[in-house]
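Structure record follows, encoded as structure tokens.
Below, chains carry the letters A, B, ... as their sequence lines are ordered, and counting in each starts from 1.
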2 protein chains.
Amino acid sequence: MINQSIDEVDLRILECLLEDAQRSHKEIGQLVHLTGQAVGARVRKLQDAGVIEGYTLRWNPDKIGLTVHAFLIIFMKSNTAHQSFIAFAKSREEVAEVHRVSGEGCYWMRVRLRSGAELNAFLEQLLQHANYRLSLSIETIK
Amino acid sequence: MINQSIDEVDLRILECLLEDAQRSHKEIGQLVHLTGQAVGARVRKLQDAGVIEGYTLRWNPDKIGLTVHAFLIIFMKSNTAHQSFIAFAKSREEVAEVHRVSGEGCYWMRVRLRSGAELNAFLEQLLQHANYRLSLSIETIK
DNA sequence: GGAATTAACTTTCACGGTGAAAGGAAACGG
DNA sequence: CCGTTTCCTTTCACCGTGAAAGTTAATTCC
């Protein structure tokens, strides 16, 4: 069992860090009634267990000019195209996220771009590997 | 112009922190040829500008039992249902992300759940507000 | 029952990252 | 040529952090 060693205190620490990963262990400790050092030990345990994979930023791509935010459902043109599509997706930094999915299409993908022109150019290249259905994000609700 | 005050050094710092937000300013400074304090000042500037919104974790929901990862395309049943759907989506902690989109459907949404049974229960409640098309993530490619 | 063991916590301590403050260099404008 | 602004470095004091050692409680074994 994977969860055997993860209790509710660990979960509260996790939630706390998800909200703000810069909170000090001491501050978190006050919420869960532990010393900062004990919190530190639990955080290390969560890292070792692979629950916490790393630390990163919540940020706003819009503010550096990445104003286009698109979701793509990908359909393969042939059974042999998977590898080339995956290689393409991994190599392009516009591609923020890719998942193999069941249901609608074969893959689901998120991209961020600077403009409609860039989107157009990107889609043209994507077409060499796969067909797609495009949704543009108009507003982030949550 | 928003970008006027953001230069390539800022972008390198941003990339650096996106990879690992725990890197010290001193360490980043060595990469961009600045002192740790100068890096700190730029990071603060990025925060004030709203580029950096906060600090959070990269983590693995799988490891705490959230094994079901689904994407949903949402279709409204009527023009008046939007508010109730948005309220529903915001209130449910299973819902990790929601966007208003153009193209296929009205909204796009990501949920994480513990099991097929939970997914079933969730979808039943969702149906009170909207129709949907479901894709399950089988594997994270990127 | 009592001794040994283990797990998880607290206390203490030294190191180093951080932000504030002050000083310096380069660019700009009258 | 001088004042101003901007961005940097240096210095310094504070505090968060992890390591180590000590404490407590629960478990196990004879």
Testing D:dC8, C:dG17, C:dT10 for proximity to the side chain of B:Lys26, the answer is C:dG17

Between NZ of B:Lys45 and C1' of D:dC8 the distance, given in whole Å, is 12 Å

Can you tell me if the side-chain N/O atoms of B:Thr35 get under 4.0 Å from OP1 or OP2 in D:dT9? yes

When rounded to the nearest 0.5 Å, the distance separating OG1 of A:Thr56 from CG of B:Leu17 is 8.5 Å

Separation of D:dC7 atom P from B:Asp48 atom CG, nearest Å, is 13 Å

Atom CD1 of B:Ile28 and atom C1' of C:dG16 are separated, to the nearest Å, by 16 Å

N-O pairing of B:Arg100 and A:Glu139 below 4.0 Å: no

Just the table, please: protein N/O against nucleotides 18-20 of chain D N/O, every pair under 3.5 Å.
unit_1, atom_1, unit_2, atom_2, d
D:dG18, O6, A:Gln37, NE2, 3.0

- Sub-6.0 Å ring centroid separation between A:Phe122 and A:Phe88: yes

note: B:Ile13, atom CD1; D:dC7, atom C1'; distance rounded to Å ~ 13 Å

Whole-Å distance, A:Gln30 CD to D:dC15 C1', equals 14 Å

Would A:Val95 and A:Arg110 count as a side-chain contact (heavy atoms from CB on, under 4.5 Å) if you check the C-alpha gap in whole Å, the side-chain angles of each, and the deciding distance to 0.1 Å?
CA-CA 6 Å; A:Val95 178; A:Arg110 179 209 302 274; over 6 Å; no

Taken to the nearest whole Å, CD/B:Gln22 to C1'/C:dT18 is 14 Å

Here the distance between atom C1' of D:dC7 and atom NE2 of B:His33, to the nearest Å, is 17 Å

query = Given D:dC7, is OP1 or OP2 found less than 4.0 Å from the side-chain N or O atoms of B:Arg42?
reply = no

side-chain contact (heavy atoms from CB on, under 4.5 Å) between B:Asp10 and B:Val51: does it pass, once the steps are laid out?
-> CA-CA 10 Å; B:Asp10 289 322; B:Val51 178; over 6 Å; no

Rounded to whole Å, the CG-P distance (B:Leu46 to D:dC7) equals 12 Å

One should read off an interatomic distance between A:Glu118 CD and A:Glu94 CD, to the nearest 0.5 angstrom, of 6.5 Å

Under 3.5 Å donor-acceptor, B:Arg42 side chain and B:Val9 backbone: no

